[in-house]
Amino acid sequence: MSSAASRPTAGPFDRGHTDDLMAFLTASPSPYHAVASAADRLEKVGFRRVEETAAWDGTSGGKYVIRGGAIIAWYVPEGAAAHTPYRIVGAHTDSPNLRVKPQPDMGAQGWRQVAVEIYGGTLLNTWLDRDLGLAGRLTLRDGSHHLVNVDRPLLRVPQLAIHLDRQVNDGLKLDRQRHMQPIWGIGQVHEGDLIEFVAAEAGVDAEDVTGWDLMVHAVDAPAYLGRDRELIAGPRMDNLLSVHAATAALASLAGRDDLPYIPVLAAFDHEENGSEADTGAQGPLLGNVLERSVYARGGSYEDRARAFAGTVCLSSDTGHAVHPNYAERHDPTHHPRVNGGPILKVNVNQRYATDGSGRAVFAAACEKAGVPWQSFVSSNDMPCGTTIGPITAARHGISTVDIGVAILSMHSARELCGADDPYLLANALVAFLEG
């Protein structure tokens with residue numbers, strides 16, 4: 001762990017950043033809402049959206065591309081050469097949840113239900129007996145998209161009463177197909193009811209809706225926790241906490257034409273199910289954006305190769321804080337703690353992309369920002385998760401470092417982190433992007 005003080009000595013962010021994170025989480029119940037929230041923050045400091053189907057120019061300033069639930073944003077300083085390297089913060093916008101099936105209307109025994117599919121490695125029990133809303137996007141006949149967010153108690157996955165399952169406390173076993181379909185009313189089931197309801201909520205004609213990407217979310221708001229409010233509980237911290245921090249860090253650099261690098265935010269969708277999508281880290285989106293930026297500034301393939309060779313990416317994703325009730329599940333010499341600053345994630349089998357050189361880059365950024373940091377490694381007898389880090393490194397040949405914030409209850413409908421860690425991460429990201 002770094003010997004720096006427990007609060008940053010430099011940098012633009014303080015506890016107000018954590019307040020803003022909570023607002024960001026509430027406004028972003030789906031990846032599509034998350035990229036819209038990030039874009040809105042960037043627009044306010046002068047970034048402008050560019051379309052992938054349009055010709056790009058080589059002008060300086062802030063730009064961003066949105067594709068579905070992914071956003072790539074970058075700031076080109078005035079006079080930046082075509083071979084200028086990038087400094088990238090990578091993250092992902094999706095979280096494990098319940099997603100609506102193509103034929104959503106179902107029911108049994110007088111109950112009206114919504115047919116859902118399990119997305120990602122969610123903790124199923126955390127969705128039980130919880131007030132749930134519905135959010136995502138609708139696609140209309142003309143190809144346009146409309147965001148929708150029913151952010152009030154609409155659905156519920158009721159647990160079986162203990163009187164009907166006396167052994168439930170000895171081990172809850174949930175059938176992903178039979179036990180996870182939420183109820184949303186009583187009466188007869190009519191095909192088209194759900195989409196008609198959601199279309200009305202979005203203010204569009206249900207007859208025009210030809211596609212949808214809808215998902216369930218918990219409607220209880222993020223909140224400070226603890227005697228001294230030193231913790232926060234909320235949904236989708238994995239990984240909107242990193243998306244928010246990276247967006248804030250990039251926005252803070254708008255107008256900075258003294259930067260030696262081009263700072264980039266790369267927030268992908270579909271990380272929780274392998275990143276194999278056109279909006280995922282396995283896809284070509286990031287590479288296409290970086291290359292087109294080089295060529296738009298008059299660069300050649302040689303300039304592109306030089307820029308990529310000097311580029312570094314911080315893959316920022318949440319990691320595991322040591323759990324007080326399950327300390328034996330953690331490596332005995334690596335116990336990241338909440339409010340101890342961001343974590344450097346290491347796995348020699350390349351489940352994380354960090355190496356010694358990457359460690360030095362991250363340590364330098366934290367030292368510059370006056371931010372403490374910690375190391376994370378999995379116990380040898382526990383399988384290690386992975387991130388977009390190794391994918392980014394292998395696909396683009398970019399030096400990549402895996403970092404994040406330590407949390408509890410990862411992949412729960414409601415996760416827990418330290419209230420200081422979000423702004424400590426954001427200050428470290430600013431220092432990294434500044435170079």
Side-chain angles (χ1 to χ4, degrees), residues 1-4 84-92 238-239 242 245-246 249 260-268 271 274-275 280-282 286-287 290 304-321 330-336 340-369 371-406 421 424-425 427-435:
M1 183 184 297
S2 165
S3 60
T84 301
Y86 300 94
R87 281 286 175 103
I88 305 167
V89 178
H92 66 89
D238 178 15
N239 186 34
S242 295
Y261 301 100
I262 296 173
V264 179
L265 158 68
F268 301 100
E271 188 271 350
S275 296
Q282 295 268 25
L286 176 61
L290 300 183
R304 179 261 187 217
R306 293 175 65 187
F308 277 45
T311 293
V312 182
C313 173
L314 290 189
S315 166
S316 182
D317 203 346
T318 54
H320 302 294
H330 301 264
D331 182 84
T333 60
H334 295 79
H335 280 181
I343 56 175
L344 178 75
K345 301 160 80 172
V346 178
N347 179 265
V348 296
N349 293 303
Q350 288 298 290
R351 300 292 285 173
Y352 303 131
T354 306
D355 62 11
S357 296
R359 175 189 173 99
V361 170
F362 180 63
C366 289
E367 182 177 358
K368 178 182 177 182
V371 167
W373 58 277
Q374 311 173 77
S375 292
F376 171 83
V377 64
S378 291
S379 174
N380 285 327
D381 59 4
M382 190 71 60
C384 180
T386 191
T387 68
I388 65 166
I391 297 170
T392 303
R395 178 169 181 83
H396 305 294
I398 288 173
S399 175
T400 304
V401 190
D402 272 295
I403 67 161
V405 161
D421 284 327
L424 294 174
L425 173 65
N427 279 302
L429 296 185
V430 171
F432 165 74
L433 292 174
E434 286 179 329

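For this chain, numbers begin at 1 and follow the sequence in order.
Taking each heavy atom of Ala369 and Ala431 in turn, the nearest pair found is CB-CB, 4.0 Å. Heavy-atom minimum distance, Ser375 versus Arg359: OG-NH1, 3.7 Å. Taking all atoms of both residues into account, the shortest heavy-atom contact from Ala365 to Ala428 is CB-O, 3.8 Å.
Every residue meeting the side chain to side chain contact (heavy atoms under 4.5 Å, CB included) condition with Ala245, not counting sequence neighbours, appears here in chain and number order: His17, Leu425, Ala426, Leu429. Applying the ring-ring contact (aromatic ring centres under 6.0 Å, His included) test to Phe432 and every residue at least two apart in sequence or in another chain returns nothing. By the side chain to side chain contact (heavy atoms under 4.5 Å, CB included) test, Ile391 pairs with Ser275, Ala281, Gln282, sequence neighbours left out. Listed by chain and residue number, Ile71, Thr93, Val243, Leu265 satisfy the side chain to side chain contact (heavy atoms under 4.5 Å, CB included) test with Ala267 (two or more places apart in sequence, or in another chain). Taking the side chain to side chain donor-acceptor pair (under 3.5 Å) definition, one finds that Ser379 meets it with Asp381, sequence neighbours left out.
Separation of atoms CG (Leu344) and SG (Cys366) is listed at 8.5 Å; rounding is to 0.5 Å. Taking CD of Gln374 as the reference point, atom CG of Asp421 lies at 7.0 Å (rounded to 0.5 Å). The CG atom of Asp331 lies 7.0 Å from the CG atom of Asn380; values are rounded to the nearest 0.5 Å. Atom NE2 of residue His334 and atom CZ of residue Phe376 lie 9.5 Å apart, to the nearest 0.5 angstrom.
Between Tyr352 and Val346 the shortest side-chain heavy-atom distance does not fall below 4.5 Å. Side-chain contact check for Pro336 versus His330: every heavy-atom pair is 4.5 Å or farther apart. Residues Gln350 and Thr386 are not in side-chain contact: their nearest non-hydrogen atoms beyond the backbone lie 4.5 Å or more apart. Residues Ser242 and Val405 form no side-chain contact, since every pair of their non-hydrogen atoms from C-beta on lies 4.5 Å or further apart.
A donor-acceptor pair under 3.5 Å links the side-chain atoms of Tyr86 to the main chain of Leu290, judged by distance alone. A donor-acceptor contact shorter than 3.5 Å links the side chain of Asp355 to the backbone of Ser357. Side chain of Lys345 to backbone of Thr318: a donor-acceptor contact under 3.5 angstrom is found. Between the side chain of Glu271 and the backbone N or O of Ala91 there is no donor-acceptor pair closer than 3.5 Å. Under the 3.5 Å distance criterion, the side-chain polar atoms of Arg87 are left unmatched by any main-chain donor or acceptor of Tyr261. Between the Thr311 side chain and the Ile398 main chain, no donor and acceptor come within less than 3.5 Å of each other. Judged by distance alone, with hydrogens and angles left aside, the side-chain atoms of Asn239 form a donor-acceptor pair with the main-chain N or O of Ser316 at under 3.5 Å.
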(request) Check the pair Ile388 / Asp317 against side-chain contact (heavy atoms from CB on, under 4.5 Å), numbers first and verdict last. (result) CA-CA 9 Å; Ile388 65 166; Asp317 203 346; over 6 Å; no
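Within the structure, side-chain hydrogen bond (donor to acceptor under 3.5 Å, both in side chains) contacts touching residues 391-403 (residues at least two apart or in different chains) are Ser315-Asp402, Thr387-Asp402.
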